[in-house]
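Some notes on the structure that comes next.
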Amino acid sequence: MEYVLGLFPDAAAAERAAGVLRHFGVSEDDYRVRTQTAATRNIKGWAGWLFDTPEPRSGPDAEGLPHEDAYWYNDRIRSGETMVAVRLEDRGGAEIARALQRAGGHDVRRYWTRFIGKQTTKTA
């Protein structure tokens, strides 16, 4: 799973970027716009949506959103910026990252996690 996060100066700019995402075929279930109002809630909620974990991860082997980055993004949002977060099943994040930058986003970053779940094997 790949995730692309970007900051925008305000909610209106982030909503315009969401329109760009829809143009790229990203479903509304696969992106979030996080505003200053939403940042007053616990950081664990949005990190859970992003990376299917209860909170940001830390340590050298952690995948996904590093603990420090999560709190940095949260501080930027609390200061009035708006974050757009996109979840992608394929690794097409480079194109999405460029689109967010063209739409006015800054500090656009890509993160990856490995799918951890049942593996099915085919038998002859």
Side-chain angles (χ1 to χ4, degrees):
M1 198 68 77
E2 183 175 359
Y3 301 85
V4 180
L5 282 64
L7 291 171
F8 291 82
D10 53 42
E15 288 300 330
R16 285 191 298 275
V20 169
L21 294 173
R22 288 188 296 273
H23 175 75
F24 273 93
V26 177
S27 102
E28 290 187 15
D29 291 336
D30 289 326
Y31 72 87
R32 297 281 188 271
V33 175
R34 184 170 170 82
T35 63
Q36 187 176 24
T37 304
T40 60
R41 293 186 227 131
N42 193 322
I43 195 170
K44 292 179 181 181
W46 69 271
W49 173 83
L50 283 173
F51 299 106
D52 299 322
T53 63
E55 60 187 69
R57 300 171 181 193
S58 60
D61 295 327
E63 289 186 25
L65 185 65
H67 190 265
E68 299 80 19
D69 288 9
Y71 284 95
W72 180 82
Y73 274 112
N74 211 46
D75 286 345
R76 300 304 319 143
I77 296 164
R78 285 180 186 220
S79 73
E81 294 183 86
T82 300
M83 180 179 74
V84 174
V86 186
R87 179 174 53 189
L88 303 161
E89 292 204 24
D90 59 12
R91 297 250 173 160
E95 185 175 21
I96 296 297
R98 285 190 298 273
L100 290 180
Q101 289 172 327
R102 283 191 302 271
H106 65 89
D107 291 303
V108 177
R109 300 178 187 173
R110 295 166 61 199
Y111 300 91
W112 294 268
T113 61
R114 278 183 268 184
F115 175 76
I116 299 173
K118 284 185 180 180
Q119 247 187 333
T120 57
T121 56
K122 197 172 187 178
T123 57

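Owing to the predicted nature of the structure, the values given are computational and were not obtained by experimental measurement. For reference, positions follow the sequence shown, starting with 1.
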Under 3.5 Å: donor-acceptor pair, side chain of R87, backbone of D29 =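 Such a contact is found between R87 side chain and D29 backbone.
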Give a yes or no on whether the backbone of G93 and the side-chain of E2 come within a donor-acceptor separation of less than 3.5 Å.
->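 Yes; judged by distance alone, with no hydrogens or angles, the pair exists.
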Supply the atom-to-atom distance [X] [atom1] to [Y] [atom2], rounded to the nearest 0.5 angstrom.
X   : Y    : atom1 : atom2 : value
I96 : F24  : CD1   : CZ    : 5.5 Å
R34 : R76  : CZ    : CZ    : 14.0 Å
L5  : Y111 : CG    : OH    : 6.0 Å
L21 : L100 : CG    : CG    : 5.5 Å

Please identify each residue that fulfils side chain to side chain donor-acceptor pair (under 3.5 Å) with R22, with sequence neighbours left out.
->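 Only Y31 meet the side chain to side chain donor-acceptor pair (under 3.5 Å) criterion with R22.
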Does the side chain of V33 come within less than 4.5 Å of F8's, by heavy atoms?
->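 They are not in contact (no side-chain heavy atoms under 4.5 Å apart), so the answer is no.
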Partner set under side chain to side chain contact (heavy atoms under 4.5 Å, CB included) for A97, not counting sequence neighbours =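 In terms of side chain to side chain contact (heavy atoms under 4.5 Å, CB included), with neighbours along the sequence ignored, A97 is linked to V4, V108, R110.
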Test side chain to side chain contact (heavy atoms under 4.5 Å, CB included) applied to D107 - qualifying residues, sequence neighbours left out =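 Side chain to side chain contact (heavy atoms under 4.5 Å, CB included) check on D107 returns L7, W72, R109.
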What are the two closest non-hydrogen atoms of R32 and E28, and how far apart are they?
->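 Smallest interatomic distance, heavy atoms only, reads NH1-O, 3.8 Å.
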Say whether Q101 and H106, considering side chains only, have a donor N or O and an acceptor N or O under 3.5 Å apart.
->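 Not at all, the side chains of Q101 and H106 share no donor-acceptor pair under 3.5 Å.
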Please output the side-chain donor-acceptor pairs of residues 9-20 that fall under 3.5 Å, not counting sequence neighbours, one pair per line with the distance.
from : atom 1 : to  : atom 2 : distance (Å)
D10  : OD1    : A12 : N      : 3.2
D10  : OD1    : A13 : N      : 2.8

